[in-house]
Amino acid sequence: IIAILASIAIPSYQDYVRRGQLTEASSTLAAYRVRLEQFYQDNRNYGTGGCGVAVPTGQYFTFACALRNPGTGADQGFTAWEDNGMPGRPVEEQERVAKEMARLGMTMGVFVAMGDFENVTFASAKPENRADILAKGKAAVEVAKRVNARWTTVVPGRYDVGLEWDYQTAHVIDNLKRLSEVFEPAGLVMVLEPLNPWKDHPGLFLTKIPQAFQICRAVGSPSCKILF
């Protein structure tokens with residue numbers, strides 16, 4: 001009887017432990033991906049000779065990072081590319097990318113129209129901030145036209161530690177309404193990206209899906225959606 005119970009209990013326990021360990025792997029890799037994407041936005045590459053972000057360590061797994069030429073992606077069955085740094089590329093390069101993707105039958109996914117991780121932007125009512133938001137929005141429309149994109153990511157920046165939260169929410173909604181007026185005629189949809197404030201992106205204004213839902217609903221534009 002003991003042998004029978006052991007044959008059932010031990011594999012079940014091992015499976016339980018294994019599932020717990022996999023949680024560490026998935027969360028560590030997700031955080032590492034965010035750090036790599038931030039490195040790319042800052043440097044326009046993922047590293048030279050090796051990955052530009054130190055490989056994380058884990059209790060149960062050994063992680064590694066290797067850079068390789070991904071080819072076009074079409075040969076692997078991909079039908080679209082996401083390029084967060086597309087606005088930072090020269091116009092000629094954007095046009096070459098669009099031409100090659102059209103040749104391969106691929107489409108452009110999202111690119112980042114604006115994502116300031118250091119400053120208060122959308123949560124501010126300062127005229128200079130609003131002017132900058134609209135200027136970047138108009139620039140994003142031109143990028144979208146060149147690369148045939150319909151979606152662009154918007155991160156509403158940091159929150160203001162010296163201003164009541166509800167005022168900041170009102171400012172974010174107002175700024176997004178103005179931005180929607182730029183995007184709607186061009187058929188461009190901004191997707192708001194809530195980001196993890198506890199570890200990877202402390203200090204950002206938008207951190208939760210329900211918060212993004214509330215804001216998009218208040219904006220009331222087909223050009224304001226949520227990035228999950």
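Since we're looking at a predicted model, the values are computed, not measured.
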Search all heavy atoms of [X] against all heavy atoms of [Y] and return the closest pair with its distance.
X	Y	value
M106	F78	CE-O, 3.7 Å
P202	R158	O-NH1, 3.2 Å
E24	G58	OE2-CA, 3.7 Å
S180	M190	OG-CE, 3.1 Å
S223	L188	OG-O, 2.9 Å
Y32	V53	OH-O, 2.8 Å

What distance do [X] atom [atom1] and [Y] atom [atom2] have between them, rounded to the nearest 0.5 Å?
X	Y	atom1	atom2	answer
I226	Q211	CD1	CD	10.0 Å
N175	N129	CG	CG	8.0 Å
I133	T121	CD1	OG1	5.5 Å
L204	E193	CG	CD	10.0 Å
L195	Q38	CG	CD	9.5 Å
C65	L36	SG	CG	5.5 Å

Check the angle between the aromatic planes of F61 and F63 and answer parallel, tilted or perpendicular using the 30° and 60° thresholds.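 The rings of F61 and F63 sit tilted, inter-plane angle from 30° to 60°.
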So if you build clusters from Ile, Leu, Val, Met, Phe, Trp, Tyr with side-chain heavy-atom gaps below 4.5 Å, do [X] and [Y] land together?
X	Y	value
F213	L227	no
L104	F111	yes
V155	V182	no
V110	M86	no
V161	V172	yes

For the side chain of [X] and the backbone of [Y], is there at least one donor-acceptor N/O pair under 3.5 Å apart?
X	Y	result
Q168	L163	yes
T152	A113	yes
S124	V120	no

Residues 142-150, side-chain donor-acceptor partners within the protein, below 3.5 Å, at least two apart:
residue, atom, partner, partner atom, Å
R146, NE, Q94, OE1, 2.8
R146, NH2, Q94, OE1, 3.3

Under 6.0 Å from the CD atom of E95, do we count more than 12 heavy atoms belonging to anything else shown?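 Yes, enclosed.
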Is it true that, when you exclude E164 itself, more than 12 heavy atoms of the residues, nucleotides or ligands shown sit nearer than 6.0 Å to its CD?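 Atom CD in E164 is not packed in, count stays at 12 or less.
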Report the C-alpha distance between L179 and M114 in whole Å, list the side-chain angles of each, state the deciding distance to 0.1 Å, and finish with yes or no for side chain to side chain contact (heavy atoms under 4.5 Å, CB included). CA-CA 11 Å; L179 194 56; M114 53 198 82; 4.1 Å; yes
With a 6.0 Å cut-off on ring centres, are F117 and H201 close enough?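 Distance test on ring centres: under 6.0 Å, yes.
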Would you please indicate yes or no on a ring centroid separation below 6.0 angstrom for F205 and W165?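 Between F205 and W165, which both carry aromatic rings, the centre distance is below 6.0 Å.
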Residue pairs fulfilling side chain to side chain donor-acceptor pair (under 3.5 Å) with at least one residue in residues 106-118, sequence neighbours excluded: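 Sorted result for residues 106-118: D116-N119.
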So do the side chains of [X] and [Y] get within less than 4.5 Å of each other, counting heavy atoms only?
X	Y	answer
C224	L192	yes
P56	T28	yes
F122	H171	no

Run the salt-bridge test on E181 and R178 with the 4.0 Å N-O cut-off and return the result as yes or no.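 No, no charged N to carboxylate O under 4.0 Å.
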With side chain to side chain contact (heavy atoms under 4.5 Å, CB included) as the test, would you mind laying out the steps for N196 and T207 before giving the verdict? CA-CA 6 Å; N196 172 20; T207 61; over 6 Å; no
Steps toward side chain to side chain contact (heavy atoms under 4.5 Å, CB included) verdict (C216, K225): CA-CA 6 Å; C216 275; K225 304 292 183 182; 5.5 Å; no
